[in-house]
Amino acid sequence: MYTAHPDRYADLPYRRTGHSGLKLPALSLGLWHNFGPDRPAETQRAILRRAFDLGVTHFDLANNYGPPPGSAESALGEALRTDFARYRDELVVSTKAGYLMWPGPYGEWGSRKSVLSSLDQSLGRMGLEYVDIFYSHRPDPETPLEETMGALHSAVQQGKALYVGVSNYSAEQTREAARILGELGTPLLIHQPRYSMLDRRPESGGLLDALDELRVGSIAYSPLEQGLLTGRYLDGIPEDSRAASDSPFLKSDAVTEELVGRLRALDGIAKSRGQSLAQMALAWVLRGGRVTSALVGASSPRQLEDSVSAVANLDFGADELARIDEIVNQ
């Protein structure tokens, strides 16, 4: 029987999520990749156990994570039953609805029927009565935002979610979502945007400013830019890398000589800080406290441990930040 490490809360910092009572670990575990049937169940179990032992108490999912869709939730459900049942109240489990899950007009997007049906399916796969955070995974251009936010509100009213969030919403859409939810009496807790040293859209699009004004938390996904910021591509494209596969998330033609040159320059700054490129990339996202948590994936416990080590140095000098900006923008 698994017994959690007694010092699991000793080292990893926790940050308050916006204007709420919920605190999240600075690093959270995302189950987007590596938790489908193509990966050994024992490896998945070892990653989840090591995460919790390190204080990573937040497991982030979506209905379509796997592959195939739904398999990551099923994998977590098995782990919850076998290892984490007695630790449920120490865990924050989040999931999302919005991307394609089943045939027909109700299998995706943001209608009330789709959102609430998806949540019921997710709870069934995970064997849970509720999730801690339930997200609208993407805005629906054809469904009134009032309907989608009303569905999130209903999930809380029904006791199937404690908090609600949005992901991939623009600054303007986030403001409107927060207004609607506030009027319903279910505050918007958190936004999950894509954000990294190489993807500054939450800054340039005003999203981070909006979240500050709204006092809403944020959790960044792809802070390592689908592996580009892990150091794996400093000498080109490895044969066993994501870019060399048929992954839709990172194409080989994106790894240009110019990009590799910038990655090498960033790696030089990381070395001067005593960090790996991946650790510096995570520290950069978490710098200054504007981002509540950064989502990391892991294919092994060792990789997760490397990511968690990033919190040892989250401070940047003005010259370091200026040099990073110069490299990224050149």
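We use all heavy atoms of the structure for the numbers below, so side chains are in, but hydrogens, waters and symmetry mates are not. In this chain, numbering begins with 1 at the start of the sequence shown.
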I'd like to know if [X] pairs up with [Y] as an ion pair, taking the criterion as any Lys NZ or Arg NE/NH1/NH2 lying under 4.0 Å from an Asp or Glu carboxylate oxygen.
| X | Y | value |
| --- | --- | --- |
| Arg287 | Asp315 | no |
| Arg125 | Asp120 | no |
| Arg323 | Glu320 | no |
| Arg49 | Asp53 | no |
| Glu129 | Lys160 | no |
| Glu78 | Arg81 | yes |
| Arg138 | Glu108 | yes |

Between the side chain of Gln44 and the main-chain N/O of Gly36, is any donor-acceptor distance below 3.5 Å?
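At least one qualifying donor-acceptor pair exists.
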Exam field: side chain Ser117 to backbone Ser114, donor-acceptor pair closer than 3.5 Å
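Looks like no, no N/O pair under 3.5 Å.
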Would you call the rings of Trp32 and Tyr221 parallel, tilted or perpendicular, where under 30° means parallel and over 60° means perpendicular?
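Trp32 vs Tyr221 ring planes: perpendicular.
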Mutual orientation of the aromatic rings belonging to Tyr87 and Tyr2 [parallel < 30°, tilted 30-60°, perpendicular > 60°]:
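Ring orientation, 0 to 90° scale: perpendicular.
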Output, in order, the C-alpha distance, side-chain angles, deciding distance and verdict of side-chain hydrogen bond (donor to acceptor under 3.5 Å, both in side chains) for Ser222 and Gln226.
CA-CA 6 Å; Ser222 292; Gln226 291 297 311; 3.2 Å; yes
Does Trp109 belong to the same Ile/Leu/Val/Met/Phe/Trp/Tyr cluster as Tyr169, with side-chain heavy atoms less than 4.5 Å apart forming each link?
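Trp109 does not cluster with Tyr169.
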Validation row: Ser136, Leu152 side chains within 4.5 angstrom (heavy atoms)
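The answer is yes; the side chains approach within 4.5 Å.
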For the residue pair Glu225 and Asp199, establish whether any side-chain heavy-atom pair is separated by less than 4.5 Å.
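A side-chain contact exists here, since the closest heavy-atom pair is under 4.5 Å.
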Could you walk me through whether Arg86 and Thr3 pass side-chain hydrogen bond (donor to acceptor under 3.5 Å, both in side chains), step by step?
CA-CA 10 Å; Arg86 59 180 170 149; Thr3 300; 3.1 Å; yes
